[in-house]
Asker: 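Pasting in a structure now, in structure tokens, and then I'll have a few things to ask.
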Number of protein chains: 2
Amino acid sequence: MKTENAAPVFESLSSGARLDVFRLLVRYAPDGLVAGDIAKKLDIPATNLSFHLKTLLHSGLVEMEKEGRFWRYRANVPLMLEIIAYLTDQCCCGSSRKKTGKTRSC
Amino acid sequence: MKTENAAPVFESLSSGARLDVFRLLVRYAPDGLVAGDIAKKLDIPATNLSFHLKTLLHSGLVEMEKEGRFWRYRANVPLMLEIIAYLTDQCCCGSSRKKTGKTRSC
DNA sequence: ACAACATTTCAATAATTGTTGAATAATCAT
DNA sequence: ATGATTATTCAACAATTATTGAAATGTTGT
């Protein structure tokens with residue numbers, strides 16, 4: 001996972017609405033939900049949900065599959081695992097640091 | 001960590017510039033860097049850096065301390081650990097799900 | 001073929017975020 | 001005190017993102 005791939009993921013999680021969508025899809029993994037059910041459960045207009053889903057699709061954090069006249073969305077859990085690994089490595093404990101001889105913060 | 005606290009953290013990581021700032025500060029943890037050094041290393045105007053640092057401060061992901069005429073910024077690594085725990089719990093494997101009898105994706 | 005349905009795309013607008021230069025505040029050295 | 005230094009805040013503007021209703025696309029059932 002490179003930073004230029006990670007930033008869009010954070011961007012796609014940076015709205016409360018999208019974070020809610022993603023958490024909902026994780027709760028319903030691995031089956032996912034169709035758009036109408038998401039809209040109903042989160043009580044947001046279909047057209048606005050569609051906008052947010054597009055952002056999530058673009059970052060890769062959710063995936064989509066047409067199913068008759070429904071569109072089914074699922075969380076991409078493996079990508080989330082990569083993001084967690086990225087954060088652990090780059091933004092937390094795993095990164096190399098200046099050799100000052102001091103102890104690390106974790 | 002609650003969702004309403006997590007969203008601002010993702011928002012503060014959602015710009016490439018801020019993600020760079022945070023990663024830099026992690027590399028220089030636990031000492032951190034003064035604003036001028038950040039600006040120099042990342043080659044962004046001081047006034048713009050100041051704007052991004054304010055966002056990071058607001059989410060709690062960085063902390064600030066005045067040091068003479070310098071302002072020193074440090075990464076809040078413990079908060080990042082909480083975020084990683086939040087993602088693991090809410091957005092990945094730890095969350096409760098509908099009982100469908102199917103196996104979990106992780 | 002037709003009507004009902006699920007969802008998206010489009011266009012318009014509102015709201016927020018990002019960027020910059022100039023002005024300001026605080027500190028340090030002389 | 002004065003001038004140089006560090007960094008912020010302010011104001012203006014540019015750019016992006018969010019929200020909504022109406023129209024369009026494709027699907028299903030009759």
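Residue numbers start from 1 in every chain, and the chains themselves are labelled A, B, ... in the order their sequence lines are given, proteins ahead of strands.
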Asker: Indicate yes or no for a side-chain donor-acceptor contact from B:Ser50 to the backbone of B:Ala46 under 3.5 Å, with no hydrogens or angles considered.
Answerer: no
Asker: Which of residues 65-76 of chain A have a heavy atom under 4.0 Å from DNA chain C?
Answerer: A:Arg69, A:Phe70, A:Trp71, A:Tyr73
Asker: Tell me which of B:Ala35 and A:Ala17 sits closer to the 5' end of DNA chain D, going by the nucleotide each one is nearest to.
Answerer: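 Counting from the 5' end, the first nearest nucleotide belongs to B:Ala35.
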Asker: Determine whether a donor-acceptor pair (N or O, by modelled atom type, separation under 3.5 Å) exists between the side chain of B:Asn76 and the backbone of B:Gly60.
Answerer: yes
Asker: Would you grab the first and last nucleotide of DNA chain C (5' to 3') that comes under 4.0 Å of any non-hydrogen atom in chain A?
Answerer: C:dC5 to C:dC10
Asker: Using a 4.0 Å cut-off to any heavy atom of chain A, which nucleotides of DNA chain D are the first and last in contact, reading 5' to 3'?
Answerer: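 The contacted stretch runs from D:dT17 to D:dT28.
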Asker: Which pairs pass salt bridge (Lys or Arg N to Asp or Glu O under 4.0 Å) with one or both residues in residues 57-67 of chain B, sequence neighbours excluded?
Answerer: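 Counting only pairs at least two positions apart or across chains, the salt bridge (Lys or Arg N to Asp or Glu O under 4.0 Å) contacts touching residues 57-67 of chain B are B:Glu65-B:Arg74, B:Glu67-B:Arg72.
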Asker: Got a sec, which pairs hit salt bridge (Lys or Arg N to Asp or Glu O under 4.0 Å) with one end in residues 10-22 of chain A, sequence neighbours left out?
Answerer: A:Asp20-A:Arg23
Asker: Rounding to 10 degrees, work out the angle separating the end axes of the helix from C:dA1-D:dT30 to C:dT30-D:dA1 (five pairs an end).
Answerer: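 Comparing the first five pairs with the last five, the axes sit 30° apart.
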Asker: Under 4.5 Å between any side-chain heavy atoms of B:Leu25 and B:Tyr73, yes or no?
Answerer: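 Yes, side chains in contact.
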Asker: Taking for each residue the nucleotide of DNA chain C with the nearest heavy atom, is it B:Thr47 or B:Thr55 whose nucleotide lies nearer the 5' end?
Answerer: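 First, find each residue's nearest nucleotide; the 5'-ward one identifies B:Thr55.
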Asker: Group every Ile, Leu, Val, Met, Phe, Trp and Tyr by side-chain heavy-atom contacts under 4.5 Å, then state whether B:Tyr28 and B:Phe70 land in the same group.
Answerer: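 They do not share one cluster, since no chain of ILVMFWY contacts under 4.5 Å joins B:Tyr28 to B:Phe70.
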Asker: Angle between ring planes, A:Phe10 versus B:Phe10, binned at 30° and 60°: parallel, tilted or perpendicular?
Answerer: parallel
